[in-house]
Amino acid sequence: TDTVATKVNTNGIGSIGVGEADEIPEFDPEFPSQSYVLNTEKGAKLNLVAFETDEEWKFVKWQKDGTDFSTDMEVSVTADADTEYIAVFMMSGSYDGPVIDNIADAKTIGDVLGLPTYGYSLSKVQR
């Protein structure tokens, strides 16, 4: 049979769980996970769950192969091809910048989400 690799990782402080078929993973504080690699049959159903494990870090979104995928903490996906999913977490807190009415005016992620960004930008860093 055909198999595919599914990578599941975190960006920021948080934890993830992966379940196959109808299994919905629960957070295990003894063994929190920040990375998985699964080799499954092509077409297998997977359930991905993001867990907020630090009160200062909040779940923001899932990315699939570098593209925004979902803002739901729990998603079901089908393993059709080699894929990487990333659960993105950001530090929460007050935002001192101006309110952005038009997304085109946003210069940082904090502008969009109302969170501090500590220097991270929406644009690519040029070196």
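None of the values given here were measured: they were computed from a predicted structure.
Across Ala5 and Asp82, no two heavy atoms sit closer than the pair N-OD1, 2.8 Å.
Counting only heavy atoms from C-beta outward, the side chains of Thr83 and Lys64 approach each other to under 4.5 Å. When side chains are defined from C-beta on, Ile24 counts as touching Glu74, because their heavy atoms get closer than 4.5 Å. With contacts defined as side-chain heavy-atom distances shorter than 4.5 Å, the pair Val18/Leu38 qualifies.
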Show me the side-chain donor-acceptor pairs of residues 84-91 shorter than 3.5 Å, one per line, residues at least two apart or across chains.
{"unit_1": "Glu84", "atom_1": "OE2", "unit_2": "Asn9", "atom_2": "ND2", "d": "2.8"}

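Taking CD from Gln34 and CG from Asn11, the interatomic distance works out to 10.5 Å, rounded to the nearest 0.5 Å. Remark: Ile16 CD1 to Trp62 CH2 distance equals 5.5 Å, nearest 0.5 Å. Distance check: Ile13 CD1 to Lys58 NZ gives 13.5 Å after rounding to the nearest 0.5 Å.
Applying the side chain to side chain contact (heavy atoms under 4.5 Å, CB included) rule to Ala79 yields the partners Val4, Thr6, Thr40, Leu46; only residues at least two apart in sequence or on another chain are considered. Under the rule for a side-chain hydrogen bond (donor to acceptor under 3.5 Å, both in side chains), the partners of Ser76 that lie at least two apart in sequence or sit in another chain are Asn47. Annotation: ring pair (Phe, Tyr, Trp, His ring centres under 6.0 Å) contacts of Phe27 (sequence neighbours excluded): Phe51. Under the side chain to side chain contact (heavy atoms under 4.5 Å, CB included) criterion, Asp80 pairs with Thr78, not counting sequence neighbours. Shown here are the side-chain hydrogen bond (donor to acceptor under 3.5 Å, both in side chains) partners of Asp68, two or more places apart in sequence or in another chain: Lys61, Gln63.
Its side chain outside the 4.5 Å cluster rule for every partner, Phe31 clusters with none of the Ile, Leu, Val, Met, Phe, Trp and Tyr residues. Using a 4.5 Å cut-off between side-chain heavy atoms of Ile, Leu, Val, Met, Phe, Trp and Tyr, Val37 forms no hydrophobic cluster with any other residue.
Applying the side chain to side chain donor-acceptor pair (under 3.5 Å) rule to pairs touching residues 12-27 yields nothing, sequence neighbours excluded.
Under a hydrophobic-cluster definition in which Ile, Leu, Val, Met, Phe, Trp and Tyr are linked whenever side-chain heavy atoms come within less than 4.5 Å, directly or via other members, Leu48 and Tyr36 are assigned to the same cluster. In this structure, Phe59 is not a member of the same hydrophobic cluster as Val49, with clusters built from ILVMFWY side-chain heavy atoms closer than 4.5 Å.
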